[in-house]
Every structure is written in C-alpha cells, then in structure tokens.
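Data block below; observations after.
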Amino acid sequence: MEQPKAATEVADDSHFHLEHQILWKDLNVPKFLTLNLALTASLDVIAFPMDVVRTRLQVQGSSLHAASYPHYAGTFDAIKQILRHEGWRGFFKGFWTCE
C-alpha cells in the first residue's frame, strides 16, 4: 500500500507536459470526423434560434419587415411572439439554406 505524501513534498504530477504532437496518423479519423460533425451540428441547432431573434430585431422598422412580421419590444418579446405565431419551426426558418 502506498504511503501518503508528506505535506512538505510537492507532487510532480501537478504539471502536464506534452512530449510529442498529436498527428493525424495517431487519430482514429472516421471517429474524429463523426464526432466533429455531431458537435458542430449540435452547436448550430443550439445557436441558430438566437440568430433568428437577433436578425428579426435588427431588421424591424425596415419597409420590407413591417408587412411580414410583428414589431418586437425586445429579445424576450421576440422569443414569445415567434413561439406564439410560428411555433418552434419559426426559430429555424432558413436553417438549411444557412448551413
């Protein structure tokens, strides 16, 4: 059984040193690409609704926007109105054309 370190000893494992670079030949490329695709797709799905809200807030007041969408008082009002009038699909309008 290993004895506990004394209080005066400094643990050597507190610093991490990379002894060599990670090369493509060291990676499982199909697994890496699959996980990369899954991560970027999930981030896009999470971030895109806020882009829709931001875009609608930015373009309100233009002549093209006034006839198509309601006026929003702020971010949370825009979220509520999009949910009420368009449902969850309203947050993803233009998703496939953007990606």
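Numbers here simply count residues along the sequence, with the first being 1.
- Separation of atoms NZ (K31) and CG (N36) is listed at 13.5 Å; rounding is to 0.5 Å.
- The OG1 atom of T55 sits 12.0 Å away from atom CD of Q60, with the distance rounded to the nearest 0.5 Å.
- Minimum heavy-atom separation, V53 to A78: CG1-CB, 3.9 Å.
- Under the 4.5 Å side-chain heavy-atom criterion for ILVMFWY residues, a single connected hydrophobic cluster contains both W96 and V52.
- Distance check: D44 CG to F92 CZ gives 10.0 Å after rounding to the nearest 0.5 Å.
- Hydrophobic clustering of Ile, Leu, Val, Met, Phe, Trp and Tyr side chains at less than 4.5 Å, counting indirect connections, keeps L35 apart from V45.
- Residues D26 and L23 have side chains in contact (heavy-atom distance under 4.5 Å, counting atoms from C-beta outward).
- Aromatic ring pairs are classed by plane angle as parallel below 30°, tilted from 30° to 60° and perpendicular above 60°; the pair F48 and F95 is perpendicular.
- Taking CZ of R56 as the start and NE2 of H71 as the end, the distance is 14.5 Å to the nearest 0.5 Å.
- Under the 4.5 Å side-chain heavy-atom criterion for grouping Ile, Leu, Val, Met, Phe, Trp and Tyr, L33 is connected to L27 within one hydrophobic cluster.
- In this pair, W88 and F91 present their aromatic rings tilted. The plane angle is within the 30 to 60° band.
- With rounding to the nearest 0.5 Å, the separation of CD1 in I79 from OH in Y72 is 11.0 Å.
- Salt bridge absent: K80 and E86 never bring a charged side-chain N and a carboxylate O closer than 4.0 Å.
- Summarising the geometry of S42 relative to L39, their closest heavy-atom pair is OG-O, 2.8 Å, with the distance given to 0.1 Å.
- Minimum interatomic distance between P49 and I46 (heavy atoms only, all atoms of both residues): CD-O, 3.5 Å.
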